[in-house]
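Remarks on the structure that follows.
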Amino acid sequence: MEWSFLSAGELGAALRAGEVTSVELTDEAIARIERADKAINAICVPDFDRARAAARDADRARARGADGPLLGIPVTVKESYNMAGLPTTWGIPLYANHVPAEDAVQVSRLKAAGAVLLGKTNVPMTLRDIQSFNDIYGVTNNPWDHSRTSGGSSGGSAAALAAGFGPLSIGSDLAGSLRTPAHFCGVYAHKPTLGLAPTRGMVAPPAQPLPIDLDLAVVGPMARTARDLTLLLDVMAGPDPLTHGIGYDIALPPARHDRLPDFRILVIEDHPLIPTGSAVRAGVNRVAQALIDAGARVERHSSLLPDLTEAATAYMLLMMSNAAANLPADVYEQLRAHAATLSPADRTLDAARLRGMVLSHREWVEANNIREIHRDQWRRLFAEFDAVVCPITPTPAFPHDHSGGLDSRRIDIDGADHPYFDQLVWAGVATMPGLPATAIPAGRSPAGLPVGVQLIGPMFEDRTPLRLAELLEREIGGFQKPELILPQPDC
């Protein structure tokens, strides 16, 4: 039997029933990676010797009667997480030989849950792109079409899942870095509520792995089924034992509903600042129709929805202020001089990004106050609705584009080009207020590419969009194995 495309839940059941061993699962996953990853380049740092040793340990533990949520299950890890003894570079050539001495807190939690870690997955340099390529490890291709990107920054993880390189992976998300690769590769991902899962050790070299509460950025699970997202989130969630964990534990509320007819859903398919491509629009409407057919209450408009233009502007200010915090003084001064030339009437996203890079503390506080007002508006909205369905990006996976800088690239949306970074506004709908968002497959484009949507839920009610994702999986289908022919085993 081929195990490569079964879910973690199915593999766990087979392991408990004695139908397969962890060594067998691990050997099959490694063989598949060695055969197929030459064309995809998802696994940038393999760790096969230690994986085989961990698999043997898992089988011995199970023989003694032990169990665990991930005991013996092969898992991959985004390159940006520290793993003791393996390089953590964030794709930065200067740190190609940076090897941390200790595991990130999430890597430790995977190991404690019994996972077998196959290795690390590729990322863009400094994690700042919607594609995954760098000068150390090269380009990760989309398993559905090798001429297209797998997304970023967790693109290696999404490609690995789609290609059958283990059923689970962990990534991170500041600007859609979990959700966009899932959308592009036809898999599932969950951006947790801000602060739900600790990020210690998911840090750019050579910084110390401190227990910092990041602004906007989160770490989260990726999988090929909705239920597996919940399985992995339960491993990842909970406060850092060095800080908040001293004083409290986590107790997430259950999903609001267990049946689709009980859900109240707001569907958004248009953003005031960027058009929605036809393929993505069709995906949103496919999900909306499935909800209607199942008897859910579905609305297309609500006066309770926060202003999306104001939200996108605040998101760009907060995100770019964070991104530019460590710029050299001379570069910062050049940017500040450039920003001073902007007209006060210039309210474009380009202008917001530039202003964000030189934001004063006073201005940051103003942007943060807008965020708090929006959080209150979202609380009011979620008193009337249980989740919001909307796009993740305006298009399916686009062709590799490594030209110029991020600020000079363009994205083609149904034949018209737009600023490359403007497509991040959909990610920002959930990221700016810190809301949980689950990315789910929603069919295929006319060109045969995966299309996903996101289900945004109330803060700290992560189980609600996750349960909705699981119910929708039954209605519209979920992960499909890529049709692109992969290299066959040597005879």
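Gln208 CD: 12 or fewer foreign heavy atoms inside a 6.0 Å radius. The number of heavy atoms from other shown groups lying within 6.0 Å of CZ (Arg227) does not exceed 12. A 6.0 Å sphere centred on CE of Met320 holds more than 12 heavy atoms belonging to other residues, nucleotides or ligands. Counted within 6.0 Å of CZ on Arg380, heavy atoms from surrounding residues, nucleotides or ligands total 12 or fewer; the atom is thus considered open. Atom CG of Asp135 sits in a sparse spot, with 12 or fewer heavy atoms from other residues, nucleotides or ligands closer than 6.0 Å.
Side-chain N/O atoms of Gln106 and Arg200 include no donor and acceptor closer than 3.5 Å. A donor-acceptor contact closer than 3.5 angstrom is absent between the side chains of Arg467 and Thr438. Side-chain atoms of Glu79 and Thr89 form a donor-acceptor pair, as typed in the model, at a separation below 3.5 Å. At a cut-off of 3.5 Å, with distance as the only test, no side-chain donor of Lys78 or Ser157 sits close to an acceptor on the other residue. For Asn134 and Asn122, the side-chain atoms include at least one donor-acceptor pair closer than 3.5 Å. A donor atom on one side chain and an acceptor atom on the other are found under 3.5 Å apart for Thr193 and Asp462. Between the side chains of Ser22 and Asp59, not a single donor N or O lies within less than 3.5 Å of an accepting N or O. With hydrogens and angles left out, the side-chain atoms of Asn142 and His400 include no donor and acceptor closer than 3.5 Å.
We find the CZ-OG distance between Arg32 and Ser4 to be 5.0 Å, quoted to the nearest 0.5 Å. One distance of note links CD1 of Ile456 with NZ of Lys191; it measures 9.0 Å at 0.5 Å rounding. We find the CG-OG distance between Leu118 and Ser169 to be 9.5 Å, quoted to the nearest 0.5 Å. With rounding to the nearest 0.5 angstrom, the CG atom of Leu70 is 13.0 Å from the CZ atom of Arg109. Note that CG of Leu196 and CE of Met459 are 10.5 Å apart. Values are rounded to the nearest 0.5 Å. For the atom pair CG (Leu15) and CZ (Arg62), the distance works out to 5.0 Å, reported to the nearest 0.5 Å.
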task = Could you go through the side chain to side chain contact (heavy atoms under 4.5 Å, CB included) check for Leu117 and Thr76 one step at a time?
result = CA-CA 6 Å; Leu117 305 186; Thr76 58; over 6 Å; no
Test log, rule side-chain hydrogen bond (donor to acceptor under 3.5 Å, both in side chains), inputs Asp386 and Thr464 = CA-CA 7 Å; Asp386 301 307; Thr464 291; over 6 Å; no
task = List the steps and the verdict of side chain to side chain contact (heavy atoms under 4.5 Å, CB included) for Leu127 and Ser172.
result = CA-CA 9 Å; Leu127 311 190; Ser172 61; 4.2 Å; yes
key: Stepwise side chain to side chain contact (heavy atoms under 4.5 Å, CB included) check, Asp47 with Lys120   = CA-CA 8 Å; Asp47 196 22; Lys120 306 180 77 175; over 6 Å; no
ask   = How far apart are the C-alpha atoms of Val388 and Leu381, what are their side-chain angles, what is the distance that settles it, and do they pass the side chain to side chain contact (heavy atoms under 4.5 Å, CB included) test?
value = CA-CA 10 Å; Val388 172; Leu381 182 144; 3.9 Å; yes
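Distance alone, capped at 3.5 Å, is enough to place a donor-acceptor pair between the Ser132 side chain and the Gly151 backbone. Under a 3.5 Å cut-off, the side chain of Gln454 and the backbone N or O of Trp426 do form a donor-acceptor pair. A side-chain donor-acceptor contact under 3.5 Å links Glu28 to the backbone of Trp3. Lys111 places no side-chain N or O within 3.5 Å of a backbone atom of Val107 that could act as its donor or acceptor partner. In terms of modelled atom types and a separation under 3.5 Å, the side chain of Glu470 and the main chain of Ala226 share no donor-acceptor contact.
Scanning all heavy atoms of the two residues, the minimum distance from Ser7 to Asp228 falls at CB-OD2, 3.2 Å. Taking every heavy atom of both residues into account, Leu318 and Ala367 meet most closely at CD2-CB, 4.0 Å. Taking both residues in full, the closest heavy atoms of Gln480 and Arg444 are given as OE1-NH1, 2.7 Å, listed atom of the first, atom of the second, then distance. Annotation for Thr88 and Tyr81: closest pair OG1-O, 3.4 Å, computed over non-hydrogen atoms. What you find for Asp67 and Arg16 is that their closest heavy atoms are OD2-NE, 2.8 Å. Shortest non-hydrogen contact noted between Gln377 and Pro306 is OE1-CB, 3.3 Å.
Under the 30°/60° scheme for interplanar angles, the aromatic rings of Tyr95 and His98 are found to stand perpendicular. Using cut-offs of 30° and 60° on the angle between ring planes, the pair His257 and Phe263 is perpendicular. Aromatic ring pairs are classed by plane angle as parallel below 30°, tilted from 30° to 60° and perpendicular above 60°; the pair Phe133 and His402 is parallel.
Aromatic rings of Phe398 and Phe184 (six-membered ring for Trp) have centroids within the 6.0 Å cut-off, being under it.
The shortest distance between side-chain heavy atoms of Val45 and Pro87 falls below 4.5 Å. Inter-residue side-chain proximity for Ser150 and Pro181 is flagged as unmet; no heavy-atom pair is nearer than 4.5 Å. Side-chain contact check for Phe48 versus Thr26: every heavy-atom pair is 4.5 Å or farther apart. For the pair Leu435/His374, no side-chain contact is recorded, criterion being any heavy-atom separation below 4.5 Å from C-beta on. Side-chain contact between Ile440 and His183: absent, with no pair of heavy atoms (C-beta onward) separated by less than 4.5 Å. At a threshold of 4.5 Å between non-hydrogen side-chain atoms, the residues Leu468 and Ile265 count as touching. Side chains of Pro396 and Ser445 form a contact here, defined as non-hydrogen atoms less than 4.5 Å apart.
Checked for salt-bridge contact, Arg264 and Glu384 miss the test: no charged N lies under 4.0 Å from a carboxylate O. Salt-bridge annotation for Arg463 and Asp234: present, with a side-chain N of the basic residue lying under 4.0 Å from a carboxylate O of the acidic one. Taking 4.0 Å as the cut-off between side-chain N and carboxylate O, Asp215 and Arg371 count as a salt-bridged pair.
Taking the ring centre of Phe385 as origin, the terminal cationic atom of Arg297 falls inside the region bounded by 6.0 Å and 45° from the ring axis.
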